[in-house]
Amino acid sequence: MYYIGYDIGSSSVKVAIVEAATGKKIITLNEPADEMAITAYHKDWAEQDPEMWWEYCCIASKRAIKEANIDASKITGVGISYQMHGLVVVDKEGKSLRNSIIWCDSRAVEIGDKAFEDLGEEQCASHLLNSPGNFTASKLTWVKENEPEIYAQIHKYMLPGDFIAYKLTGEINTTKNGLSEGMIWDYKENEVAEWLLKYYGIDPSLTPTIVDNFTNQSFLNEKGAKESGLPVGIPVVYRAGDQPNNALSLNILKPGEVAATGGTSGVIYAVTDQLKSKETSRINSFVHVNYSNEKPTVGKLLCINGAGIQYRWLRNHCGMDSYENMNVKAEEVSVGSDGVVVIPFGNGAERMFNNKNIGSHFLNLNLNKHGHGHLYRATLEGIAFAFVYGMEIMKADNAQINVIRAGNDNLFRSEIFSNTVATLIGHEIEIYNTTGAVGAARAVGLIDGDYETFGDNIIKNDHVMTFMPLQNSTPYLIAYQNWKKELELIINK
């Protein structure tokens, strides 16, 4: 028997099939070969046609079944991961009324900021654990205010994963996870934040029925099965946004466990059982995948906008053929890069600096002394220091850090990067070879609630290596303090 998982990104749709009994990967692939189109009618807008996601889900699942040479009738459940915070609106026939306003669209920033000001920090912090921000509720309000003819036709609003579940099953529902991503979940009252919808003038009947994770949420109908190539009647068991799902994929389920991603941007996602937050803007809190009334686990997310993009820029402009060769050159240089400091925030405004645009800086270069290796090491250190800085913010906001787990396809493959973070944080970093689609597929098995076996299978199937904190932390601490000093000079200009 097998499970299938979808990961609906903004660049592609990934699909994975795993063995039900062991969680072993059978196949992973993505569609399309090139990136999916993002439409931007105006500056800072970003939209996608949700039917395009569905089309590629169907192509990818049929292809995966064929290339894995398995009997489709032996697929017994579906899990869904998806790009967070997006808005899909449908009419009574379930037809999408407009393109989805996706996660990186910032048209609703002012709407969320005004709501935060009008409703007050205490109300938002204690009930939403966040500012309403530029999230799904604010995006829906933008549609109401700017496209009233479309708003009048809305039967239900959804998150992107809800739409894919609907296309598979014909049933419209959502989860606490999804509502929390949209800033529509009241943690204090453990219900939909209808007071926020009332403030925005949104009809609460537009909210779909809520289903729990790791349950038979809905079942594939004939139409969904025929288009996707999956069996009729199998359940959709699980859905979650990409960052909570990435955490699940890395067996991040308990307080003190942290998932980290070091791609173009960086993400730190820490699980806590504390339903409080002092940081309503720099950190965002979401219902975690295993949240329950008895054990309310929350994921606290901090985004570092400028991370791997700095190292990629350096490779492109220094003519290096691979990151591996850059890492070799960087390892020839001592900790602290002989005084060279790189501030890696050249990818726009940084939320952890209260949306200041810090920029990218190369500091303290000595043209008679420093070469490419210094630039490479200082860049890896600078990005690592940014992660440590972010984790300090997290710790000050009720997040415990005991272990960090990361995927094997990003900055954490670099020994310099991982050793620097592990040594400064004082906790090990475990590296795993997994993907969001694999995690979503495996999550189908959690209908039995056996998190221990689930975690054991991840360790057995995916664990690559562990970076331990180095005993001699002094040079790392000195280098980090030098970096922070330079950063504060820039911030306080």
Side-chain angles (χ1 to χ4, degrees), residues 1-8 13-29 53-54 57-58 60-66 68-82 159-178 209-242 244-246 248-249 251 253 289-290 434-458 461:
M1 296 300 176
Y2 306 99
Y3 302 140
I4 191 167
Y6 296 100
D7 185 9
I8 317 302
V13 171
K14 292 99 176 165
V15 171
I17 297 174
V18 304
E19 282 185 353
T22 65
K24 180 183 175 184
K25 288 173 277 191
I26 302 301
I27 192 170
T28 61
L29 53 81
W53 305 333
W54 174 239
C57 280
C58 295
S61 58
K62 288 176 179 177
R63 187 181 142 210
I65 292 165
K66 182 178 179 181
N69 194 28
I70 65 167
D71 181 350
S73 69
K74 293 185 177 179
I75 296 174
T76 60
V78 181
I80 301 169
S81 168
Y82 57 88
L159 280 293
D162 302 334
F163 181 77
I164 298 303
Y166 159 69
K167 295 295 286 187
L168 286 165
T169 68
E171 293 187 37
I172 296 175
N173 48 44
T174 191
T175 61
K176 294 176 186 177
N177 316 45
T209 302
I210 299 171
V211 292
D212 290 332
N213 257 330
F214 313 126
T215 59
N216 293 334
Q217 298 174 350
S218 50
F219 299 86
L220 266 70
N221 62 11
E222 288 190 10
K223 185 174 186 294
K226 181 179 179 181
E227 293 181 13
S228 66
L230 301 178
V232 174
I234 65 171
V236 173
V237 170
Y238 162 87
R239 78 191 80 157
D242 49 15
N245 178 72
N246 178 59
L248 173 84
S249 306
N251 191 28
L253 294 163
V289 296
N290 59 339
T434 188
T435 69
V438 169
R442 288 174 174 163
V444 177
L446 277 171
I447 199 165
D448 64 5
D450 187 354
Y451 295 109
E452 292 300 322
T453 300
F454 178 84
D456 290 344
N457 283 338
I458 288 176
N461 288 318

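In this text the structure is predicted, and so the values were computed from the model without any measurement. All residue numbers in this chain count up from 1 along the given sequence.
Taking CG of Leu220 as the reference point, atom NZ of Lys167 lies at 12.5 Å (rounded to 0.5 Å). Between atom CG of residue Asn69 and atom CD1 of residue Ile26 there is a gap of 11.5 Å, rounded to the nearest 0.5 Å. Note that NZ of Lys223 and CG of Leu168 are 10.5 Å apart. Values are rounded to the nearest 0.5 Å. Annotation: the span from Ile164 atom CD1 to Tyr82 atom OH amounts to 11.5 Å, rounded to 0.5 Å. Lys176 contributes atom NZ, which lies 5.5 Å from atom CG of Asp212 (distance to the nearest 0.5 angstrom). Between atom CD1 of residue Ile17 and atom CD1 of residue Ile27 there is a gap of 6.5 Å, rounded to the nearest 0.5 Å.
The two residues Asn216 and Phe219 have their closest heavy-atom pair at CB-CZ, 3.5 Å. Nearest heavy atoms, Ile458 versus Ser249: CD1-O, 3.5 Å. Nearest heavy atoms, Pro160 versus Trp53: CB-CZ3, 3.5 Å. Annotation for Ala443 and Val237: closest pair O-CG1, 4.4 Å, computed over non-hydrogen atoms. The two residues Ala225 and Pro231 make their nearest non-hydrogen contact at CB-C, 3.9 Å. Minimum heavy-atom separation, Ile80 to Ala440: N-CB, 4.0 Å.
Of the possible donor and acceptor atoms, none in the side chain of Thr169 sits under 3.5 Å from a partner among the backbone N and O of Asn221. When atom types are taken as modelled, the side chain of Asn245 and the backbone of Gly436 share a donor-acceptor pair closer than 3.5 angstrom. Checking side-chain atoms of Ser61 against main-chain N and O of Cys58 turns up a donor-acceptor pair under 3.5 Å. A donor-acceptor pair under 3.5 Å links the side-chain atoms of Asn461 to the main chain of Thr22, judged by distance alone. Listed for the Asn290 side chain is a donor-acceptor partner under 3.5 Å among the backbone atoms of Leu253. A distance-only check finds a donor-acceptor pair linking the side chain of Asp450 to the backbone of Thr453 [under 3.5 Å].
Put simply, the side chain of Ile70 reaches to within 4.5 Å of the side chain of Ile75, judged on heavy atoms. The closest side-chain heavy-atom distance from Ile65 to Leu230 is below 4.5 Å. Looking at Val289 and Phe214, their side chains come closer than 4.5 Å, going by heavy atoms from C-beta outward. In this structure, the side chains of Lys25 and Thr435 stay at 4.5 Å or more apart for every pair of heavy atoms. Within the 4.5 Å cutoff, the side chain of Gln217 has heavy atoms near those of the Thr175 side chain. Between Leu248 and Asn246, every side-chain heavy-atom pair lies at or beyond the 4.5 Å cut-off. Looking at heavy atoms from C-beta onward, Tyr3 lies out of side-chain contact with Val78 at the 4.5 angstrom threshold. Proximity of Tyr6 to Ser228: side-chain heavy atoms (C-beta onward) are separated by under 4.5 Å at one or more points.
Remark: Lys62 NZ is packed, more than 12 non-hydrogen atoms of other residues, nucleotides or ligands lying under 6.0 Å away. Enclosure of atom CG in Asp71 by more than 12 non-hydrogen atoms of other residues, nucleotides or ligands within 6.0 angstrom is indicated.
Remark: the Thr174 side chain and the Asp162 side chain contain an N/O donor-acceptor pair separated by less than 3.5 Å. Judged purely by distance below 3.5 Å, without hydrogens or angles, the side chains of Tyr451 and Asn251 never pair a donor atom with an acceptor atom. For the residue pair Arg239/Asn173, the side-chain donor-acceptor check at 3.5 Å is satisfied.
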**Prompt:** Run the side-chain contact (heavy atoms from CB on, under 4.5 Å) check on Cys57 and Val15 step by step: do they pass?
**Reply:** CA-CA 8 Å; Cys57 280; Val15 171; 5.9 Å; no
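In summary, Lys226 and Glu222 do not engage in a salt bridge, as defined by a charged side-chain N under 4.0 Å from a carboxylate O.
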